[in-house]
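Notes follow the structure.
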Amino acid sequence: MKFLYRFVIFTLFVVSSFGDGDDDDVGYEVTNKTFPKGFLFGVATAAYQIEGGWDEDGKGEQIWDMWIHSNPKIVADGSTGDVASDSYHKYKEDVACMTEVGVHYYRFSIAWARILPNGRTNKVNKAGVDYYLNLLKELKANGIEAMVTLYHWDLPTALHDIGGWTNPEIVGLFAEYAQLCYELFGDYVKTWVTINEPKQICHGGYGGSGYAPGINSEGLGEYLCARYVLLAHAKAWHIYDTEFRSKQNGRITIVIDSDWFEPTTDSAEDKEAAETKIQFVFGMYANPVFIGDWPQVMIDRVADRSLKEGFDQTRLPPFSSEEVADIRGTYDFLAINHYTSYMVSAAAEPNIDNPSWVKDAGGNVYQKDTWQQAAIGWFRIVPWGIGKLLKWIKATYGDLEIVITENGVSDRNGTLEDDHRIRYLKLYMSHLLDAMYEDNINITGYTLWSIIDNFEWTQGFNGKLGIYYVNMSDPERPRVPKKSSKYYANVIKTLCLQDSCE
Ligand SMILES: *[C@@H]1O[C@H](CO)[C@@H](O)[C@H](O)[C@H]1NC(C)=O
Ligand SMILES: *[C@@H]1O[C@H](CO)[C@@H](O)[C@H](O)[C@H]1NC(C)=O
Ligand SMILES: *[C@@H]1O[C@H](CO)[C@@H](O)[C@H](O)[C@H]1NC(C)=O
Ligand SMILES: *[C@@H]1O[C@H](CO)[C@@H](O)[C@H](O)[C@H]1NC(C)=O
C-alpha cells in the first residue's frame with residue numbers, strides 16, 4: 001500500500017491513483033480506447049432484492065420468504081426482503097433513475113410466485129401480471145429495452161414442498177411458467193434470461209452454502225439440481241425458439257456466473273488444479289450448453305471419488321445422449337456475471353469421507369490478502385480477472401457473442417461519494433475493452449449491478465451495490481444518486497472511461 005502511494009506521485013495515469021489497495025494491477029493503465037458505437041449498457045436487479053410487497057395483492061410465498069422468516073438470524077443485519085427497496089410500488093422511480101443514467105436496457109426478474117402463487121399455471125394472479133406489464137410499459141415509454149430473467153432464485157414454496165430443483169417434475173413446471181411469461185410479456189421483451197446463476201441455486205441452495213432453501217445435500221442434491229436446472233433451461237429455450245421467436249423477435253439464453261481462477265504458479269500441477277476448478281464452477285453449466293454434456297474432468301473425477309466413497313455409481317447424474325443433444329446449443333449468446341477472482345494451487349486429493357462438489361473439484365483455492373476488499377468478505381477487487389476469464393471462455397467455447405449480465409461492487413461505508421466504485425467500474429471496464437480490442441473478444445453489452453441499493457441476500461442491507469442510495473430505514477425509500485451514477489452516465493454518453501479519450 002505504501003509503495004502504491006509513492007508510485008502515484010510520479011505517474012499520472014496509473015490506476016492506483018484513485019485507490020487504496022494492491023489488486024496486482026500495479027502499473028496498469030486505464031485504456032483510452034472507447035466502446036464501439038452500438039455497444040449496449042444496462043443495469044440489473046432481481047425481484048426479491050428490490051420489490052418488497054412479499055405477500056401483497058395475492059403473491060404466493062417463495063423460498064426466500066419462507067427461509068428468512070423461519071430463520072431470521074440467517075441475514076447478517078436481521079433484515080428481510082419483505083419491503084426491500086419497495087420497487088413493487090416505486091418502479092416508476094427506478095425507471096426515472098435509469099433514464100437519468102441513460103441506460104439502454106434494464107435487466108430485472110419476474111417473481112414466479114407473484115404471477116403464479118402456487119407455482120402452477122392453473123391459478124394466475126392478475127395483480128402480479130399487471131405489475132410487470134406496467135413496468136414493461138414504463139420502460140417502453142422511456143425508450144429502455146427489457147432484459148427479463150425468468151428465475152432469479154425465488155422458487156414458489158409450493159414447488160419446494162415437492163422437492164424443488166431436485167424433483168424431475170420441475171423441468172416441465174418451469175417450462176409451463178416460461179411459456180406463460182412469453183405469452184403475457186413477450187411482445188415487450190427483447191431479451192430473455194431463463195435462469196440466473198445456476199451455481200448459486202444448486203450449491204448455495206442444495207449444497208449447504210447459505211442460500212434458500214438451505215438444504216444441505218452436498219455432492220448429491222446439488223448435482224441433481226444442476227441436472228434439472230439445465231434441462232429446465234433447455235426446455236424453456238426450445239419453447240421460445242419454436243413457438244415465439246418468429247413472432248416476438250427476441251433472444252434468449254442462460255446466465256452463468258463465474259469467478260476467475262488463477263493458477264498460483266506456471267507449474268503444470270497448479271494450472272491443472274485451476275482448470276479443474278473453473279470446469280467445476282463455470283464448465284459444469286457452460287459445457288452442456290455450449291459444447292455438450294458435463295465437462296469430462298467432472299465426469300472422471302466424480303465417478304472416481306464416488307467409487308472410492310463406496311457408491312456403486314457416480315454421484316453426477318449422467319445425461320442421456322438425447323438430453324445432451326437437447327441441451328447443446330440452447331443459447332443465443334453467452335451471458336456471464338462476474339465479480340471477483342481466486343488463486344488456485346495444486347493440493348493433495350481431498351479426503352474420501354462425506355462427498356461434496358467442493359471436494360470433487362479439489363485444489364487449494366484462496367484469495368490474496370493484498371487484494372482490496374469490498375464490504376462483503378469474499379468480495380475482493382481483482383480487475384484483471386475479468387480479462388483472463390473472457391480469454392479462457394473464448395479459448396474453451398470458441399468465438400461467441402458475450403454480454404456481461406452483472407458486474408459491480410458493494411459500498412464500504414454508505415457514502416454518496418463512492419470513489420471506490422468508480423475505480424472498480426473504470427478498471428473492470430478497461431480490462432473489458434482490452435479483451436475486445438487486444439483479444440478480439442466479441443462483447444456487445446455490459447450490465448452494472450445495480451441501479452439501486454437492495455436486499456443482498458444473506459448480507460441483507462449491509463451489501464449495498466446500487467449507484468443510487470436507498471435509505472432502508474426511511475418508509476419512503478427515496479432514491480438518491482451516488483457519484484458513480486454520474487460516472488456511469490458519462491461513460492454511456494461518451495463511450496470513454498476517462499475524462500477524455502482524445
Ligand atoms: C492515454 O492518453 C494519455 C494522454 O494522451 C497518454 O499519456 C496515456 O499513455 C494513454 N494511455 C494509454 C493506456 O494509452
Ligand atoms: C459479434 O456478434 C454479433 C452477434 O452475433 C455479430 O452481429 C457481430 O458481427 C459480431 N462482431 C464481431 C466483431 O465479431
Ligand atoms: C467512505 O469511503 C469513501 C470511499 O472509499 C472514502 O473516501 C471515505 O473517506 C470513507 N468515509 C468514512 C467516514 O470512512
Ligand atoms: C434514513 O431515514 C431515517 C428515517 O427517516 C432517518 O432518521 C435517517 O436520518 C436517514 N438516514 C440518512 C443517511 O439519510
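Indexing begins at 1, ligand by ligand and atom by atom, following the structure's order.
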Should you measure from each heavy atom of [X], which atoms of ligand 1 turn up under 4.0 Å away?
X: Val30; result: 13 (C)
X: Glu29; result: 8 (C), 9 (O), 11 (N), 12 (C), 13 (C)
X: Asn32; result: 1 (C), 2 (O), 3 (C), 8 (C), 10 (C), 11 (N), 12 (C), 14 (O)

**Request:** For the residue pair Tyr428 and His338, categorise the inter-ring angle as parallel (less than 30°), tilted (30 to 60°) or perpendicular (more than 60°).
**Result:**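 Tyr428 vs His338 ring planes: tilted.
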**Message:** Looking only at protein heavy atoms, which one is nearest to atom 4 (C) of ligand 2, and what is the separation?
**Reply:**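 Answer, as residue, atom name and distance: Glu401 OE1, 3.0 Å.
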**Message:** Consider ring pair (Phe, Tyr, Trp, His ring centres under 6.0 Å). Of Phe455, Tyr48, Trp457, which one does Trp153 pass it with?
**Reply:**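 Only one of Phe455, Tyr48, Trp457 forms a ring pair (Phe, Tyr, Trp, His ring centres under 6.0 Å) with Trp153, namely Trp457.
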**Message:** Under 4.0 Å from atom 14 (O) of ligand 4, is there at least one protein heavy atom?
**Reply:**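 So far as the 4.0 Å threshold goes, atom 14 (O) of ligand 4 is in reach of a protein heavy atom.
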**Asked** Is there at least one protein heavy-atom neighbour under 4.0 Å from atom 7 (O) of ligand 4?
**Response**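 No.
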**Prompt:** Should Lys464 and Asp418 count as an ion pair when the cut-off is N to O under 4.0 Å?
**Reply:**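 So Lys464 does not pair with Asp418 through a salt bridge.
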**Request:** From the options Thr447, Thr149, Thr194, Asn196, select the one residue that forms a side chain to side chain contact (heavy atoms under 4.5 Å, CB included) with Val255.
**Result:**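 It is Asn196, the one option of Thr447, Thr149, Thr194, Asn196 that forms the side chain to side chain contact (heavy atoms under 4.5 Å, CB included) with Val255.
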**Request:** Look at atom 10 (C) of ligand 4 and find which of Asn471, Val480, Val470 reaches it with the closest heavy atom.
**Result:**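 Selected option, by shortest heavy-atom distance: Asn471.
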**Message:** Show the nearest heavy-atom pair for residues Gly460 and Ser79, with the distance to one decimal.
**Reply:**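 Closest approach of Gly460 to Ser79, heavy atoms only: CA-OG, 3.4 Å.
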**Message:** Suppose I only count heavy atoms of Asn442 and a 4.0 Å limit; which atoms of ligand 2 are within that range?
**Reply:**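 Heavy-atom distances to Asn442 below 4.0 Å select 1 (C), 2 (O), 3 (C), 8 (C), 10 (C), 11 (N), 12 (C), 14 (O).
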**Message:** Would Arg114 pass as a cation-pi partner of Tyr88, given that its NZ or CZ must be under 6.0 Å from the six-membered ring centre and within 45 degrees of the axis?
**Reply:**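 Checked: cation-pi criterion met.
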**Request:** Decide whether a cation-pi geometry holds between Lys277 and Phe280; the criteria are a distance under 6.0 Å from NZ or CZ to the six-membered ring centre and an angle within 45° of the ring axis.
**Result:**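 Geometry flag: not set, cation outside 6.0 Å or 45°.
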**Asked** Which of the atoms in ligand 4, numbered in the order shown and given with their element, are less than 4.0 Å from a heavy-atom of Ser473?
**Response**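 Checking each atom against Ser473, I get 4 (C).
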**Request:** Below 4.0 angstrom from a heavy atom of Tyr469, which ligand 4 atoms are there? Numbered from 1 as shown, please.
**Result:**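 Going through ligand 4 atom by atom, the ones under 4.0 Å from Tyr469 are 12 (C), 13 (C).
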